[in-house]
Amino acid sequence: GPPPPPKKFGNPGDRLRKKKWDLSTLPKFEKNFYVEHAEVARITAFEVEEFRRKKEITIRGRECPKPVTAFHHANFPQVIHNLLLENFTEPTAIQCQGFPVALKGRDMVGIAQTGSGKTLAYLLPGIVHINHQPYLER
C-alpha cells in the first residue's frame with residue numbers, strides 16, 4: 001500500500017532512554033502521617049464493623065485502619081480543619097475510611113457516587129503528604 005502519511009511533529013521523544021535510578025541515592029521520605037486519635041483507638045472491632053455496615057463501607061486488603069467518625073480524628077493541620085468545619089458537619093463515608101488509609105500512605109481505590117466527597121478524601125491527605133516532603137533541589 002501507500003507509505004504512511006508523514007507525522008506532523010516527527011517522533012517526539014524518539015531518543016529518550018529509560019532512566020536507571022540508583023534507589024540508594026534517592027532521599028528517604030515519610031509516607032505515614034496517620035496518628036490514630038484516642039477516640040478512634042477506643043472504638044471496638046464490633047463497633048467498627050457496625051459503623052462500616054451502616055455507612056455501606058466495604059474494605060479489602062490487610063491492616064486497614066479503623067474509620068474516623070469526625071474531622072478532628074484525622075488530625076489535619078488547623079487551617080484545613082477550620083475549612084472543613086466551616087463547610088461540613090461530619091465526614092462522608094468515603095472520607096471516614098479514606099482519610100486514615102490515605103494519610104497512612106497506603107494504596108487506595110475509592111468507589112462512591114458523585115458528590116460523595118471522594119475528591120476531598122484524596123486531596124486533603126495529599127496536601128499533608130506534599131507539605132511533609134523536602135523542597136526540590138536544583
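Going from atom CD of Q97 over to atom SG of C64 covers 4.0 Å, rounded to the nearest 0.5 Å. Rounding to the nearest 0.5 angstrom, the gap separating the CD atom in E90 from the SG atom in C96 is 7.0 Å. Atoms CD1 and OG1, from I94 and T119 in turn, are 10.5 Å apart once rounded to the nearest 0.5 Å. A distance of 6.5 Å separates CG in L120 from CZ in F99, rounded to the nearest 0.5 Å. Distance check: Q78 CD to L85 CG gives 8.5 Å after rounding to the nearest 0.5 Å.
Taking the ring centroids of F71 and H81, they lie at or beyond the 6.0 Å cut-off.
Linking Ile, Leu, Val, Met, Phe, Trp and Tyr residues whenever their side-chain heavy atoms come within less than 4.5 Å places F33 and V79 in a single cluster. Hydrophobic clustering of Ile, Leu, Val, Met, Phe, Trp and Tyr side chains at less than 4.5 Å, counting indirect connections, keeps I130 apart from F76. In the hydrophobic clustering of ILVMFWY residues, with side-chain heavy atoms under 4.5 Å counting as a link, F88 and I127 come out together. Linking ILVMFWY side-chain heavy atoms closer than 4.5 Å, directly or via other members, places I59 and M108 in two distinct hydrophobic clusters.
Q133 places a side-chain N or O within 3.5 Å of a backbone atom of H129 that can act as its donor or acceptor partner. The backbone N or O of G117 sits less than 3.5 Å from a side-chain atom of Q95, completing a donor-acceptor pair.
Exactly one of V128, L124, N32 qualifies for a side-chain contact (heavy atoms from CB on, under 4.5 Å) with L103. That residue is V128.
Nearest approach of G110 to Y122, heavy atoms of both residues: N-OH, 2.8 Å. Contact record, Y34 with P65: CE2-CB, 4.4 Å, taken as the closest heavy-atom pair. Considering every non-hydrogen atom in both V48 and P67, the closest pair reads CG1-CD, 3.8 Å. Residue K55 comes nearest to A93 through the heavy atom pair O-CB, 3.6 Å, listed as atom of the first residue, atom of the second, then distance.
More than 12 heavy atoms of other residues, nucleotides or ligands lie within 6.0 Å of CG in L26, so this atom counts as buried by the packing criterion. No more than 12 heavy-atom neighbours from other residues, nucleotides or ligands sit within 6.0 angstrom of CG on D107.
Residues E86 and N82 have side chains that never bring a donor and an acceptor to within less than 3.5 angstrom of each other.
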Checklist line | side chain to side chain contact (heavy atoms under 4.5 Å, CB included) assessment of I57 paired with F51 | finding: CA-CA 8 Å; I57 297 170; F51 180 82; 4.1 Å; yes
Next item on the list: Check step by step if side chain to side chain contact (heavy atoms under 4.5 Å, CB included) holds for H37 and K66.
Entry: CA-CA 10 Å; H37 193 280; K66 295 176 183 177; over 6 Å; no
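Residue pairs meeting the salt bridge (Lys or Arg N to Asp or Glu O under 4.0 Å) criterion with at least one member in residues 28-53, sequence neighbours excluded, are E49-R52, E50-R53.
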